[in-house]
Amino acid sequence: LSDQDRKPDPHPVALLLPGYQAGVLSRAQVVAVEEHLAGCPECRAELQSDRELASRYAAADAALGDPPARLFSDVMANVKAEVRPARAAAPGQRPGRSPAPLARLLDACRSLLSPAWAPPVAIALLLAQFGLLVGMRAPHHDVGETAVTTRGLAPQAAQLEIVFQPGVTVGTVYETLAAAHARLVAGPTAEGAVTVELPPGDGEAFKRLMALRDQPTLIKRIGPPATTPGMN
Amino acid sequence: VTEPAPHRASAAPDGSEIALVAATAAGDTLAFERLYRLHERRVWRYAVSMVQDRAVADELVVDTMLAVWQGAGGFRSGSRVSTWILGITRHKALDAGRRSARRRNDIALDDAGEIVDEAAGPARIAEQDDKNRLFNAATAQLSAEHREALHLAFVDGLPYDEIAQLLDVPENTVKTRIHYAKRKLQDLLVRLTQEEAPY
């Protein structure tokens, strides 16, 4: 620090003026600044000076222009070059990264678009159609009242909300969910919360997930979803 | 006495951007493209301000965004995405600065008026008005710390707590640094204006 930097400032509120002119102060700070400004011509002049400074920065920023378009293509070329060999080696995986649920889902969707499955599926559809026609021509038997069965509800997939401790990385979240065989439905949110879905009737998956409660350094809370799931 | 300042949203993390980071971590290139578009210009102009050289700033953008792609899995919840990305840019800019033998304080006024833009050519440079040239010359002569603090406060309009997180210093240090940087910049503007004034 220079000698000038060591001088104490007579008005602590003056330190908030750049934030005030930028509109990034809290309500309480805004009130404090405005109360002070009302009785302090020196700080009003300082605020005016800050506004002029902001205008000069805005003019200089506008004159700077935009980044060259080639930067985007350079970055994406590098990204795609990294993705291609990784996909060839192991679909859905990037080097040094465990397969994430979303990546697996994306790869499954991509495989659906691949033409390799088309011929066998077309043949299977033709055979199914033929079988259906034969079945419709077969003699029809009446069923007695005693043979009527009720149709139960299909088992529902259970949803849970898991709140990870602050500071847990996105990578750790994915690894934890993959290890518990839980499907990510929503999140992670800014607070580290995810909503997951368990396969219907899979008690083991539920037990695996609830066992995570024994890791308080990793998990803050596991319970029913607080709100409707969705990417916030 | 004063115009009411427009109040911006608080520093609450942006959920949709966090979702983009999460998708990027899962290898979604489209999510990464959106993240890139959202942050490219901010990263670039911060890099230009840090290194004062467009060619180096261009390289920093590429390096930063590739680091975002490769390191999205390491993003920590509770942070803002913009602060995280600017933090990567800052580290890379400091590394680049250490590698470079260039000393900004030695730059003469005539050179410091423009941020180096070899692609723009002399015609474009000549078009810059005197005010901007003088202003750029003054900011170029600030210490790197002061220039960075003013950029984050006046160009990016970041709240003090975010600047503190980015610079890894207490919030009060940010406030005093900005305050003294303003004074220094005003002194420089006065001095440079006097030096340029015709006798």
Checklist line | Toward chain A, the part of B/Gln186 with a non-hydrogen atom under 4.5 Å | finding: side chain
Note to self: At a 4.5 Å cut-off on heavy atoms, which part of B/Arg37 comes close to chain A: side chain, backbone, both, or neither?
What the structure shows: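 For B/Arg37, side-chain heavy atoms alone lie under 4.5 Å from chain A.
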Taking all atoms of both residues into account, what is the closest heavy-atom pair of [X] and [Y], and its distance?
| X | Y | value |
| --- | --- | --- |
| A/Gly65 | B/Arg41 | O-NH2, 2.6 Å |
| B/Leu66 | A/Val75 | CD2-O, 3.8 Å |
| B/Lys182 | A/Pro18 | NZ-CG, 3.8 Å |

Notebook entry, point to check: Which of the residues A/Ala58, A/Pro166, A/Ala59 is involved in the greatest number of heavy-atom pairs with chain B at under 4.5 angstrom?
Noted result: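 Among A/Ala58, A/Pro166, A/Ala59, the one with the most close pairs to chain B is A/Ala59.
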Note to self: Taking every non-hydrogen pair under 4.5 Å, which of A/Asp74, A/Val33, A/Asp61 racks up the most with chain B?
What the structure shows: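 Among A/Asp74, A/Val33, A/Asp61, the one with the most close pairs to chain B is A/Asp61.
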Margin query: Given heavy-atom pairs under 4.5 angstrom as the criterion, report whether the side chain, backbone, both or neither of A/Ala60 touches chain B.
Written below: both
Margin query: Please classify the contact between A/Phe164 and chain B as side chain, backbone, both or neither, with a heavy-atom cut-off of under 4.5 Å.
Written below: neither
Check: How are the rings of B/Phe154 and A/Tyr57 set relative to one another: parallel (under 30°), tilted (30 to 60°) or perpendicular (over 60°)?
Finding: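 Parallel.
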Check: Quick one: CG on A/Leu71 to OG1 on B/Thr64, what's the gap to the nearest 0.5 Å?
Finding: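 Atom-to-atom, A/Leu71:CG and B/Thr64:OG1 are 11.0 Å apart.
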Notebook entry, point to check: Are A/Val24 and B/Tyr160 side-chain neighbours, meaning at least one heavy-atom pair lies under 4.5 Å?
Noted result: no
